[in-house]
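Here is the naming used below: chain letters follow the sequence lines, and residue numbers restart at 1 for every chain.
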Amino acid sequence: MKIATWNVNSVRIRLSHIEKLAIQAKPDIICLQETKVVNNDFPFKYIKDLGYKYIELHGEKSYNGVAILSKIMPESSFSVNFVNDKDRRHVAIKLYNGLEIHNFYIPAGGEIPDPLMNQKFKHKLSFFDEVTDWFKTNRSEKDKIILLGDLNVAPLEHDVWSHKQLLKEVSHTPIEVEKMEALQKSLNWHDTIRRFTPESEKLYSWWSYRNHDWRKSDRGRRLDHIWATPAIENKVKAGYILREMRGLETPSDHAPVILEIDIPE
DNA sequence: ATGGTTGGTGCCCAA
């Protein structure tokens, strides 16, 4: 199986980009974040014509929104509204082979990394706490689960272009990394992408629109992740980032991340 | 220290 995650920053304006991913990488399942559209206005026909007959949505107007596009029929799907608010940031599917996939769009957290001064940062930290509790309460590390999406934290020194310059920047502050590590410990999740690129090597999935030449300045961050429980860790065959998709015409600021895993459908 | 760009919206917000 091949599974992709991609923050597309509006699904309706990125249809040709999704088509390119579908044709070139041929994922069985594509998880999207920041679809920015209510369920009724989702471009169903275009996506189904690409071969993704099964579409699970948790969308909202203008902001956030997640989707799972699948060639394989899911057994069931569900969404959780973490931090008890209206944000649509999670959707999950369970397949007939027992594999469960959780697609997340974790809050970005605003500009100021202080939960007392900045409600958005507080929201982000609480979101991590609730997701951690949810997995501890409802799932076990013996379950076959993939957790993926735009987690909006670059945890490792070489997940950002300058560790030193970003220590006080939201996405790379010690408190956020601590929250992410607590989530990682909840089910002993494995970072499937870093297994294939040594921690000493720079690896990014996002480059700001605010750099004139993203390729030249290369001031990226690894905000998008794919994790697996220990139960399926040994089935993982490959994990990588499709950097070239950041260089398409009118691109998303994120690149897709791909997992190849040896689990029969 | 500041500003830089994009998307969806509606007389700016969020990233």
Side-chain angles (χ1 to χ4, degrees), chain A residues 5-21 31-43 46-47 57-67 81-83 85-90 103-115 117-128 148-155 159-162 164-173 176 179-180 204-225 241 243-257:
Chain A
T5 175
W6 199 3
N7 180 325
V8 284
N9 186 16
S10 167
V11 66
R12 287 177 291 184
I13 213 157
R14 229 65 79 182
L15 289 173
S16 69
H17 307 72
I18 295 167
E19 179 170 13
K20 202 148 262 175
L21 177 71
C31 298
L32 302 177
Q33 302 87 35
E34 281 204 270
T35 53
K36 296 187 172 180
V37 67
V38 291
N39 294 357
N40 280 342
D41 292 340
F42 192 86
Y46 194 100
I47 296 297
L57 299 174
H58 201 41
E60 65 176 275
K61 187 183 174 183
S62 306
Y63 303 107
N64 313 314
V66 286
N81 283 350
F82 290 99
V83 198
D85 63 15
K86 57 161 186 55
D87 288 13
R88 305 312 197 213
R89 297 177 177 276
H90 169 265
N103 176 16
F104 282 97
Y105 176 48
I106 299 230
E111 299 276 326
I112 305 158
D114 181 341
M117 288 172 64
N118 173 9
Q119 281 300 311
K120 289 181 200 163
F121 195 72
K122 187 182 170 188
H123 180 208
K124 182 178 197 173
L125 300 182
S126 307
F127 198 97
F128 269 107
L148 55 72
D150 179 359
L151 307 186
N152 263 318
V153 175
D159 288 341
V160 293
W161 63 276
S162 167
K164 201 181 161 195
Q165 288 183 74
L166 288 171
L167 272 171
K168 290 178 179 173
E169 283 274 317
V170 171
S171 76
H172 194 61
T173 65
E176 290 168 87
K179 294 292 184 189
M180 177 178 256
Y204 315 135
S205 67
W206 174 87
W207 294 259
S208 173
Y209 285 127
R210 297 175 192 180
N211 287 113
H212 284 116
D213 190 339
W214 71 277
R215 216 187 291 270
K216 193 177 166 202
S217 57
D218 200 21
R219 295 184 165 189
R221 305 179 196 178
R222 188 170 72 107
L223 304 178
D224 304 273
H225 302 269
I241 296 171
R243 197 179 198 274
E244 66 273 18
M245 294 284 184
R246 181 62 178 78
L248 299 175
E249 284 282 299
T250 61
S252 167
D253 44 357
H254 294 254
V257 185

Discussion item. Can you check the distance between B:dT9 and B:dC13, where both ends of the measurement are the P atom (answer in whole Å)?
Written reply: 15 Å

Below 3.5 Å is the cut-off: list the nitrogen or oxygen pairs between protein and nucleotides 13-15 of chain B, distance only.
residue, atom, partner, partner atom, Å
B:dA14, OP2, A:Lys120, NZ, 3.4
B:dA15, N6, A:Arg210, NH2, 2.4
B:dA15, N1, A:Arg210, NH2, 3.0

Worksheet item: So do the side chains of A:Leu148 and A:Asn103 get within less than 4.5 Å of each other, counting heavy atoms only?
Response: yes

With a cut-off of 3.5 Å and sequence neighbours excluded, list every side-chain donor-acceptor pair involving residues 59-66 of chain A.
residue, atom, partner, partner atom, Å
A:Glu60, OE2, A:Asn64, ND2, 3.2
A:Glu60, OE2, A:Arg88, N, 2.7
A:Asn64, OD1, A:Arg89, NH2, 3.2

Practice prompt. Can you tell me, in whole Å, how much space there is between the P of B:dT2 and that of B:dT6?
Written response: 23 Å

Worksheet item: Does a side-chain N or O from A:His212 land closer than 4.0 Å to OP1 or OP2 of B:dT5, or not?
Response: yes

Fill in: salt bridge (Lys or Arg N to Asp or Glu O under 4.0 Å) involving A:Glu169 - partner list, sequence neighbours excluded
A:Arg221

Worksheet item: B:dG4 and B:dG10: how far apart are their P atoms, nearest whole angstrom?
Response: 26 Å

Worksheet, complete the sentence: side chain to side chain contact (heavy atoms under 4.5 Å, CB included) filter on A:Lys179, not counting sequence neighbours, yields A:Leu125, A:Phe128, A:Asp129, A:Ile175

Worksheet item: Over how many whole Å does the gap from A:Glu169 atom CD to B:dG3 atom P extend?
Response: 15 Å

Worksheet item: Quantified in whole Å, what is the P atom distance between nucleotide B:dG7 and nucleotide B:dG3?
Response: 22 Å

Fill in: Whole angstrom value for the distance that separates C1' of B:dG7 from CD of A:Glu60
14 Å

Worksheet entry | Qualifying residues under side chain to side chain contact (heavy atoms under 4.5 Å, CB included), relative to A:Arg215, sequence neighbours excluded | A:Asp213, A:Arg243

Practice prompt. Select base, sugar-phosphate, or nothing to describe what A:Arg14 touches, counting heavy atoms under 4.0 Å on all strands.
Written response: sugar-phosphate

Item to complete: Would you kindly give the CG-to-P distance between A:Asp213 and B:dG3, to the nearest whole Å?
Response: 22 Å

Response to the item:
Sequence neighbours excluded, the answer for side chain to side chain contact (heavy atoms under 4.5 Å, CB included) partners of A:Glu111 is none

